[in-house]
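Chain letters run A, B, ... following the sequence lines, proteins first, then strands; residues in each count from 1.
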Amino acid sequence: AQSVTQLGSHVSVSEGALVLLRCNYSSSVPPYLFWYVQYPNQGLQLLLKYTSAATLVKGINGFEAEFKKSETSFHLTKPSAHMSDAAEYFCAVINDEAGTALIFGKGTTLSVSS
Amino acid sequence: GAVVSQHPSRVICKSGTSVKIECRSLDFQATTMFWYRQFPKKSLMLMATSNEGSKATYEQGVEKDKFLINHASLTLSTLTVTSAHPEDSSFYICSAPRQQGVTDTQYFGPGTRLTVL
C-alpha cells in the first residue's frame with residue numbers, strides 16, 4: 001500500500017526566502033506523486049505531478065519538486081516566497097488499489113511574513 | 001481549465017436528518033468521481049469511489065448505508081449523509097479525473113462544510 005508523510009505541519013518563511021516543504025513516500029510500486037495547494041475556501045489545485053518522466057518537475061507559480069528514489073522523497077521548493085503563497089499544501093500519491101484516487105499527506109500550512 | 005462544483009458549500013442540519021451534497025463536473029464527463037472527507041487539521045481521506053451506472057466502491061470503515069452515493073449521470077454524483085449525527089460534521093470534498101488515465105489530473109470541488117447540531 002502507498003502512503004505519504006509530510007514533515008512539518010507548519011512552515012513559516014519570510015517573503016523572498018526559499019520555500020521547502022517536505023514529503024516522503026512509501027510505495028511498493030513506482031509511485032505517481034502530486035502536490036496540491038488549498039487556499040482558504042477554495043478547492044484543491046494541482047501544483048505539479050511526477051509521472052515517472054523527468055525527476056525534476058516544474059509546476060505552476062514557480063514551484064518545483066524533485067523525485068529522489070534513493071531518499072523516497074518528493075520535496076516541494078520555490079526559490080522566493082510571495083505573500084500569496086500562504087496556503088495549505090498537500091503531497092499525494094496514487095492509490096493503486098482504488099483506481100486513480102489519491103492518498104494524501106496530512107498537509108503543511110505555509111505562512112509567509114513580510 | 002476543468003471545473004468541478006459542489007452544492008451546497010455549507011449546510012447546517014439537525015441530528016437525525018439527511019443531507020444531500022452534489023458534485024458536478026462542469027465541462028467534462030466523469031465516469032468516476034471520488035468523495036473525500038477532511039477533518040480539521042487533518043488530511044483528506046478517501047471515502048468512496050462513485051461509478052456512473054454502477055454501485056459505488058466504499059473504503060474500509062465507511063458505512064455504505066450511512067453515506068449513500070449515486071452517480072446519476074456522467075456529470076453528477078451525489079453523496080447523501082443519512083440520519084446525520086454530530087460526529088458526521090466535517091468537510092466533504094469530491095474530485096473527478098478528466099480522463100481515466102492513472103496520471104491524469106484530478107479536479108477538486110471547493111468542498112461542502114457540514115455541521116450537524
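Within a 6.0 Å sphere centred on NZ of B:K66, heavy atoms belonging to other residues, nucleotides or ligands number more than 12.
Side chains of B:L117 and B:I12 form a contact here, defined as non-hydrogen atoms less than 4.5 Å apart.
In this structure, the portions of A:L44 lying under 4.5 Å from any heavy atom of chain B include both its backbone and its side chain. Proximity to chain A (any heavy atom under 4.5 Å) is restricted, for B:I93, to the side chain, taken from C-beta onward. Proximity to chain B is limited to the side chain of A:Q38, based on heavy atoms less than 4.5 angstrom apart.
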Going by atom type alone, with no hydrogens or angles, which donor-acceptor pairs under 3.5 Å involve a side-chain atom of residues 81-94 of chain A and a protein atom two or more places apart or on another chain?
{"unit_1": "A:D85", "atom_1": "OD1", "unit_2": "A:K78", "atom_2": "NZ", "d": "3.0"}
{"unit_1": "A:D85", "atom_1": "OD2", "unit_2": "A:K78", "atom_2": "NZ", "d": "2.8"}
{"unit_1": "A:D85", "atom_1": "OD2", "unit_2": "A:H82", "atom_2": "N", "d": "2.8"}
{"unit_1": "A:E88", "atom_1": "OE1", "unit_2": "A:T109", "atom_2": "OG1", "d": "2.5"}
{"unit_1": "A:Y89", "atom_1": "OH", "unit_2": "A:D85", "atom_2": "O", "d": "2.5"}

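When the candidates B:Q38, B:R113, B:M45 are compared by the number of heavy-atom contacts under 4.5 Å with chain A, B:Q38 comes out ahead.
The hydrophobic cluster containing B:Y92 also includes B:V11, B:V19, B:I21, B:W35, B:M47, B:Y58, B:V62, B:F67, B:I69, B:L79, B:V81, B:L114, B:V116, under a criterion of side-chain heavy atoms closer than 4.5 Å among ILVMFWY residues, counted directly or through chains of members.
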